[in-house]
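Encoded as structure tokens, the structure appears first; notes follow it.
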Amino acid sequence: MAATLIFTVLAIGADVIVRSRESDFAFTRTEVATRRVSAAVRQGEVQNPLPEGPYGVRLLQVVDADRHVVTASRDAAGRPPISTVVPPPENRLKRLYACPAHGGGCLTVVAVRASVAPDSPVVYGARPVPPMLAGPYIELILAVCALFLVAVTTWAAWQIVGRTLRPVGEVRGRLAEIGITDLSRRVPEPSGEDEVAQLARTANVTLDRLERSVRLQQQFASDAAHELRTPIAALRLNLEEIALHPDDAEVGPAARAAIRAADRLESIVADLLLLAQIGTAAETPEDLDFTGLVSGELRVRGPAPGGPDGRPPIAVNADLAPGLHCRGVRAQLERLVDNLLDNALHYAATTVDVHLESRSGDAVLTIGNDGPQIPRADRERVFERFARLDTARSRDAGGTGLGLAIAREIANAHRGSIAVDDGAPGTRFILRLPLVTEPTAARRNPDG
């Protein structure tokens, strides 16, 4: 539609310009020949018959005041006056078109009054109207050209738009085929860096994230169902024993076992709820004195007692750089530090070392113990949910298996990271969190 309108306007403009220029050209040539005859009339040097004028002007007449043809060129001899128009004295030249009654087609006519005298003769010069102006030839040519250009433009636009939108249609069709039961399929990615290629790549990145999220949810649901089955079964067994023997002396141990199973079940549910809340907008982050937060967690714990197997008390050595501030959710960061300390105290033989420093714009917290080292092949697996490397340990005696998974999720939600490294001896967990340059909230809460 737009192309049709544009080319129609251009065709009309071209028609006006061509006709105007051709008309001016024809009148100019006729005027030159007519003025020469007019000058000869004023000088009394008129020839009979009049010679042919320049530029092919063959129709020349000199008409007196009584409208009699005094002299004419050979082609105009014997004809009545070419035109009845007589220029007035104040405007001695007239341009006009004339179509004589005796036929022969229309003429481009220039009438020149020889002088301003009332009885002055009038010189007429005429030549046939140019073929380009004699009929609708220009309009036909321009109309054909405009239609051709509209057709070519429409075809080109159709090809370009089709070629551009074809990948979009393929992406749309592939997205329509992808369902929740099979998220492994991807949309085709066109080559190049245009918007369609970027759209396809963004769609594939989104599908990658969606597939990982669904896989994690499915694995999480499977692991949670498996882990909850054990304490629920133990609780049910103990409660059935209490119900069958309400007056038995063994009811007390069974009740205590049921309470322990209920406590473990409650811990798993609480940890699952925390995992679901990490990274959401449930809590607002603030600027925190991270040094004070770590120091507070160490004070809350107090001296580390010995293990149940007769191990000596665990010595906790702390070296904390002052004034390090991070942005985050206080309760989550406290839980992060607490889980790392729990893990270190559980596996330490005699010593836990806590070191906090600033490095490359990050607060780096290193918590190491002199216990057994984690094999390199298992250093990522320890952060999986419900993962345990000490498979011989009783589930009831251990934790929920979510401590390090929660720590990793909290670190990632705060744009940080956790890595496992070898200690000397033992194992070290290295936590990195971005520092803030203006700890406004920490200034309002100097105790951390």
Salt bridge (Lys or Arg N to Asp or Glu O under 4.0 Å) contacts touching residues 33-49 (sequence neighbours left out): Glu31-Arg35

Step-by-step salt bridge (Lys or Arg N to Asp or Glu O under 4.0 Å) determination, Asp208 to Arg186: CA-CA 9 Å; Asp208 287 338; Arg186 296 294 179 266; 2.6 Å; yes

Over all atoms of both residues, closest heavy-atom pair of Val110 and Thr34: O-CG2, 3.6 Å

Separation of Ile418 CD1 from Ile430 CD1 (nearest 0.5 Å): 11.0 Å

NE2-CG distance between His414 and Leu433, expressed to the nearest 0.5 angstrom: 7.5 Å

Side-chain touch Val62/Val37, heavy atoms, less than 4.5 angstrom: yes

Heavy-atom pair of closest approach, residues Val57 and Arg127: CG2-CD, 4.1 Å

Side chain proximity check, Arg432 to Arg359, heavy atoms < 4.5 angstrom: yes

Interatomic distance, Leu333 atom CG to Ile410 atom CD1 [nearest 0.5 angstrom]: 7.0 Å

Student check: side-chain heavy atoms of Arg92 and Ser38 closer than 4.5 Å: yes

Atom pair CZ (Arg335) and CG (Leu340), whose distance is rounded to the nearest 0.5 Å: 11.0 Å

Between CG on residue Leu356 and CG on residue Leu324, distance to nearest 0.5 Å: 5.0 Å

Asp362 side chain near Pro434 side chain, heavy-atom distance below 4.5 Å: yes

Closest contact, heavy atoms only, Thr28 versus Asp24: OG1-O, 2.6 Å

Test side chain to side chain donor-acceptor pair (under 3.5 Å) applied to Asn412 - qualifying residues, sequence neighbours left out: none

Val354 side chain near Thr366 side chain, heavy-atom distance below 4.5 Å: no

Considering all heavy atoms, the nearest Val187-Ala203 contact: CG2-CB, 4.1 Å

Side chain to side chain contact (heavy atoms under 4.5 Å, CB included) evaluation trace for Val316 with Leu298: CA-CA 9 Å; Val316 180; Leu298 291 173; 4.0 Å; yes

Distance-minimising heavy-atom pair for Val32 and Pro54: CG1-CG, 4.2 Å

Shortest non-hydrogen contact from Leu60 toward Pro51: CD1-O, 3.5 Å

Separation between CD of Gln61 and OG of Ser83, rounded to the nearest 0.5 Å: 10.0 Å

Trace of the side chain to side chain donor-acceptor pair (under 3.5 Å) decision for Asp287 with His325: CA-CA 7 Å; Asp287 292 348; His325 296 82; over 6 Å; no

Flag side-chain contact, heavy atom, 4.5 Å: Val122 against Pro87: yes

Verdict with supporting geometry, Val364 and Leu431, side chain to side chain contact (heavy atoms under 4.5 Å, CB included): CA-CA 6 Å; Val364 181; Leu431 167 67; over 6 Å; no

Name of the residue among Asp421, Val420, Thr427 meeting side-chain contact (heavy atoms from CB on, under 4.5 Å) with Gln373: Thr427

